[in-house]
Colleague: 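Structure provided below as structure tokens; questions to follow.
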Amino acid sequence: VDLEAAAFTLGGLRMYPLAVTTRCGEAANGLIALSGGSGSIVAEAPRAMIGLSKYNLTHDLVMRSGVFAMHLLAADPPESLEASLSIIMALGATSGRDGDKLTALATKEGVTGSPILTDALAYVEGRVVNSMDCDENTVFLADVVASERLRDGGRLKVGDAWKVLPAEWLETYTRHHEPQAADARRRRGLEA
Ligand SMILES: Cc1cc2nc3c(=O)[nH]c(=O)nc-3n(C[C@H](O)[C@H](O)[C@H](O)COP(=O)(O)O)c2cc1C
């Protein structure tokens, strides 16, 4: 395999960071994911897809609850961008296993019980109809059971967020990502 060509072909295909939340009983949590997308071409019966690493708490909670909310984040106006960066920083570089990440964020309860991030741009809520075990992660397919556009504004791209996220946070993200990548390699039978 030409790994450079593979990275060129596959890298950066999913540009929009999504905030994925769920609730399972008393436990509510969320993370940032780039792996989300549409799961159907049937406009009147939309489906959403998301790939969650087994390393992450949100993976286990979605597995058990069978529900999640998937939020797009806003690129503008400036106060909405600030809110988007706060969501990324709250959810994307630490685990809910180490403390509640949602208390810092404004939420309301969705129809699935998943916390809805009211500072997001828009969201869909889904009930899982199928899932695929992919060794290091699970891909969940869900029927969209609710959706809402929360505000006007453009969609935040991950590259634009990366340019303005604080350097200390990016370091925390890298530190958090390394054991996750090692766990993924182990689950594929490769050397960590
Ligand atoms: C830009 C970005 C993209 C990410 N994409 C994914 C993803 O697609 N799937 C996933 O499981 N984690 C992804 N992560 C990592 C999780 O957000 C991160 O490990 C999080 O801290 C997990 O939290 P939890 O253990 O509370 O669930 C991404 C993080 C960032 C910042």
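In each ligand, atom 1 is the first atom listed, and ligand 1 is the first ligand listed. Given the structure is predicted, the values throughout are model-derived calculations rather than measurements.
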Colleague: Would you mind telling me which of Val62, Leu31, Asp183, Leu61 makes a side chain to side chain contact (heavy atoms under 4.5 Å, CB included) with Asn56?
Modeller: Leu31
Colleague: Thinking salt bridges, do Asp133 and Lys54 make one under a 4.0 Å N-O criterion?
Modeller: yes
Colleague: If Ile, Leu, Val, Met, Phe, Trp and Tyr residues are connected whenever their side-chain heavy atoms lie under 4.5 Å apart, and connections chain through other members, are Leu170 and Val158 in the same group?
Modeller: yes
Colleague: Report the part of Thr94 (side chain from C-beta onward, or backbone N, CA, C, O) that has a heavy atom under 4.0 Å from ligand 1; answer both or neither where that applies.
Modeller: backbone
Colleague: Quick check: are there more than 12 heavy atoms from other residues, nucleotides or ligands sitting under 6.0 Å from CG of Leu13?
Modeller: yes
Colleague: For atom 20 (C) of ligand 1, what is the closest protein heavy atom, and at what distance to 0.1 Å?
Modeller: Leu91 O, 3.5 Å
Colleague: Side chain, backbone, both or neither: which part of His177 comes within less than 4.0 Å of ligand 1 when only heavy atoms are counted?
Modeller: neither
Colleague: For atom 31 (C) of ligand 1, which protein heavy atom lies nearest, and how many Å away is it?
Modeller: Tyr173 CE1, 3.4 Å
Colleague: At what distance is the nearest protein heavy atom to atom 22 (C) of ligand 1, and which residue and atom is it?
Modeller: Asn56 OD1, 3.3 Å
Colleague: Could you see which bit of Ile50 sits under 4.0 Å from ligand 1, with heavy atoms only: side chain, backbone, both or neither?
Modeller: neither
Colleague: Quick check: does Leu57 get an N/O under 3.5 Å from an N/O on ligand 1?
Modeller: yes
Colleague: N/O of Gly96 under 3.5 Å from N/O of ligand 1, yes or no?
Modeller: yes
Colleague: Counting each atom of ligand 1 from 1 as listed, which ones have a heavy atom of Gly92 under 4.0 Å away?
Modeller: 17 (O), 18 (C), 21 (O), 29 (C), 31 (C)
Colleague: Mind checking whether Gln180 has an N or O less than 3.5 Å away from an N or O of ligand 1?
Modeller: yes
Colleague: Out of Leu165, Ile32, Leu102, who gets a non-hydrogen atom closest to atom 17 (O) of ligand 1?
Modeller: Ile32
Colleague: Would you say Leu34 ends up clustered with Tyr16 if hydrophobic residues are merged whenever their side chains have heavy atoms under 4.5 Å apart, either directly or through other cluster members?
Modeller: no
Colleague: Glu148 and Tyr123: side chain to side chain contact (heavy atoms under 4.5 Å, CB included), yes or no, with the steps?
Modeller: CA-CA 6 Å; Glu148 187 180 359; Tyr123 67 89; 2.7 Å; yes
Colleague: Output the distance between atom CG (Leu72) and atom CZ (Arg149), rounded to the nearest 0.5 Å.
Modeller: 8.5 Å
Colleague: Would you please say whether a donor-acceptor pair under 3.5 Å links the side chains of His59 and Ser53?
Modeller: no
Colleague: Identify the protein heavy atom lying closest to atom 9 (N) of ligand 1, giving its residue, its atom name and the separation to 0.1 Å.
Modeller: Gly51 O, 3.1 Å
Colleague: Which protein non-hydrogen atom lies closest to atom 25 (O) of ligand 1, naming both residue and atom, and how far is it?
Modeller: Ser95 OG, 2.7 Å
Colleague: Measuring from atom 27 (O) of ligand 1, which candidate in Thr58, Leu61, Val62, Thr172 has the nearest non-hydrogen atom?
Modeller: Thr58
Colleague: Which is closest to atom 24 (P) of ligand 1 by heavy-atom distance: His59, Lys54, His176, Lys101?
Modeller: Lys101
Colleague: Tell me the salt bridge (Lys or Arg N to Asp or Glu O under 4.0 Å) pairs involving residues 75-103, sequence neighbours left out?
Modeller: Asp60-Arg97
Colleague: Going by heavy atoms, is Ala93 under 4.0 Å from ligand 1?
Modeller: yes
Colleague: Starting from atom 11 (O) of ligand 1, find the nearest protein heavy-atom neighbour and note its residue, name and distance.
Modeller: Ser53 N, 2.7 Å
Colleague: Considering both backbone and side-chain atoms of Leu34, is one of its nitrogen or oxygen atoms within less than 3.5 Å of a nitrogen or oxygen in ligand 1?
Modeller: yes
Colleague: Going by the order shown, which atoms of ligand 1 are within less than 4.0 Å of some heavy atom of Asn29?
Modeller: 24 (P), 26 (O), 27 (O)
Colleague: Taking only residues two or more places apart in sequence, or in another chain, which ones meet His177 in a ring-ring contact (aromatic ring centres under 6.0 Å, His included)?
Modeller: Tyr173
Colleague: Do me a favour and list the nearest non-hydrogen protein atom to atom 8 (O) of ligand 1 with residue, atom name and distance?
Modeller: Ser35 OG, 2.9 Å
Colleague: Start with the C-alpha distance between Ser65 and Thr22, add both sets of side-chain angles, then the distance that settles side chain to side chain donor-acceptor pair (under 3.5 Å), and finish with yes or no.
Modeller: CA-CA 8 Å; Ser65 68; Thr22 188; 2.9 Å; yes
Colleague: Can you name the one residue among Leu81, Leu121, Ile87 that meets side chain to side chain contact (heavy atoms under 4.5 Å, CB included) with Leu156?
Modeller: Leu81
